[in-house]
**Student:** 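Got a structure for you, questions after.
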Amino acid sequence: MLIPTPIGPLWLEVSPRGVRRLEPALFPRGLEARGPLAERVRERVLAYFAGEKPDFLDIPLDYTGFSPKRVALYERVRLIPYGRTESYGSLARELGLSPRAVGAGMRASPFFLLVPAHRVIHADGRLGGFAGQEGLKAWLLRFEGAWP
DNA sequence: CCTCGCTCTGTCC
DNA sequence: GGACAGAGCGAGG
């Protein structure tokens, strides 16, 4: 399912266990997502870009194939509330990882918005990277009022 | 602004 | 298995 947003379409795939991927993509790239979960995700994403401040904590994610450390990292990042930021380093200390490992995990996440990687920034307040789309990270944080 | 050492995951071979 | 790049941090110049 392709969900239209102000930053371009987001491609959604679901499995019986939950969302398998949600990320920016211009064209369909796999099986069409159908069913109640797909509809729920679509409504929630539209609400997000309509300026409501939804969380996505009740949306199940399909973590099949991910290591326990990555699951713990993603579940922790999901708890960062709308409009707030935390640093790679503080998350790393909390989870017993290295700061680089947190960055690597965020980079590899297929759960755009659902795991709000854009809310994870440098310890000194700079934004840090975003898989070559740092403008998108800045857009999202400004939209949430978490960045000047 | 810059460099360096530390650190270690993800991804390729 | 091994090699390398990378969404970091902190100290130092």
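Within every chain, numbering begins at 1; the chains are lettered A, B, ... in the order of the sequence lines, protein sequences first and strands thereafter. Every heavy atom of this structure was used, including side-chain atoms; hydrogens, water molecules and symmetry mates were not.
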**Student:** Which residue pairs satisfy the salt bridge (charged side-chain N to carboxylate O under 4.0 Å, His left out) criterion with at least one member in residues 130-139 of chain A, sequence neighbours excluded?
**Tutor:** none
**Student:** So A:Thr5 and A:Tyr48, do their side chains get closer than 4.5 Å, heavy atoms only?
**Tutor:** no
**Student:** Partners of A:Asp124 by side chain to side chain donor-acceptor pair (under 3.5 Å), sequence neighbours excluded?
**Tutor:** A:Arg126
**Student:** How close do A:Glu13 and A:Ala33 get, counting heavy atoms only, and between which atoms?
**Tutor:** CA-CB, 4.3 Å
**Student:** Taking ILVMFWY side chains as joined if any heavy atoms are under 4.5 angstrom apart, and letting links pass through other members, which residues group with A:Trp147?
**Tutor:** A:Ile121, A:Leu127, A:Leu141
**Student:** What pairs of donor and acceptor atoms, side-chain ones from residues 111-120 of chain A against any protein atom, are under 3.5 angstrom apart with sequence neighbours left out?
**Tutor:**
residue, atom, partner, partner atom, Å
A:His118, NE2, A:Glu144, OE2, 2.8
A:Arg119, NE, A:Glu144, OE1, 2.8
A:Arg119, NE, A:Glu144, OE2, 3.4
A:Arg119, NH1, A:Ile80, O, 2.9
A:Arg119, NH2, A:Glu144, OE1, 3.4
A:Arg119, NH2, A:Glu144, OE2, 2.9

**Student:** Taking atom types as modelled, is there a side-chain donor on A:Arg78 or A:Tyr74 under 3.5 Å from an acceptor on the other?
**Tutor:** no
**Student:** Collect all protein-nucleotide pairs involving nucleotides 8-10 of chain C in which both atoms are nitrogen or oxygen and the distance is under 3.5 Å.
**Tutor:**
residue, atom, partner, partner atom, Å
C:dG8, OP1, A:His122, NE2, 2.7
C:dG8, N7, A:Arg100, NE, 3.3
C:dG8, N7, A:Arg100, NH1, 3.1
C:dG8, O6, A:Arg100, NH1, 2.4
C:dC9, OP1, A:Gly89, N, 3.4
C:dC9, OP1, A:Ala123, N, 2.9
C:dC9, OP2, A:Ala123, N, 3.1

**Student:** For A:Pro4, enumerate each residue passing the side-chain contact (heavy atoms from CB on, under 4.5 Å) test, keeping only those at least two apart in sequence or located in another chain.
**Tutor:** none
**Student:** Any residue in residues 65-76 of chain A with a heavy atom nearer than 4.0 angstrom to DNA chain C? Just list them by number, or reply none.
**Tutor:** none
**Student:** Which part of the nucleic acid does A:Ala92 contact within heavy-atom distance under 4.0 Å: base, sugar-phosphate only, or nothing?
**Tutor:** nothing
**Student:** Can you pull the salt bridge (charged side-chain N to carboxylate O under 4.0 Å, His left out) pairs that have at least one residue in residues 43-54 of chain A, sequence neighbours excluded?
**Tutor:** A:Arg44-A:Asp58
**Student:** Using 0.5 Å steps for rounding, measure from the CZ atom of A:Arg76 to the CG atom of A:Leu73.
**Tutor:** 9.5 Å
**Student:** Would a hydrophobic clustering, with Ile, Leu, Val, Met, Phe, Trp and Tyr connected at side-chain separations under 4.5 Å, put A:Ile59 with A:Val71?
**Tutor:** yes
**Student:** Touch check for A:Ala131, heavy atoms < 4.0 angstrom, all strands: base, sugar-phosphate only, or nothing?
**Tutor:** base
**Student:** When you look for runs of 3 or more Watson-Crick or G-U pairs in a row, both distances below 3.5 Å, which of them include DNA chain B?
**Tutor:** B:1-6 with C:8-13, B:8-13 with C:1-6
**Student:** Hydrophobic side-chain clustering at under 4.5 Å (ILVMFWY, transitive links): who's grouped with A:Trp11? Put none if nobody.
**Tutor:** A:Leu2
**Student:** Which of residues 138-148 of chain A sit near DNA chain C, with a heavy atom under 4.0 Å from it?
**Tutor:** none
**Student:** Can you identify which nucleotide, out of B:dT11, B:dC8, B:dT9, has its nearest atom closest to the A:Ser98 side chain?
**Tutor:** B:dC8
**Student:** What side-chain donor-acceptor pairs closer than 3.5 Å can you find for residues 19-32 of chain A, not counting sequence neighbours?
**Tutor:**
residue, atom, partner, partner atom, Å
A:Arg20, NH2, A:Asp62, OD2, 3.0
A:Arg21, NE, A:Glu23, OE2, 3.3
A:Arg21, NH2, A:Glu23, OE2, 2.8
A:Glu23, OE2, A:Arg29, NH2, 3.4
A:Glu32, OE1, A:Met1, N, 3.3

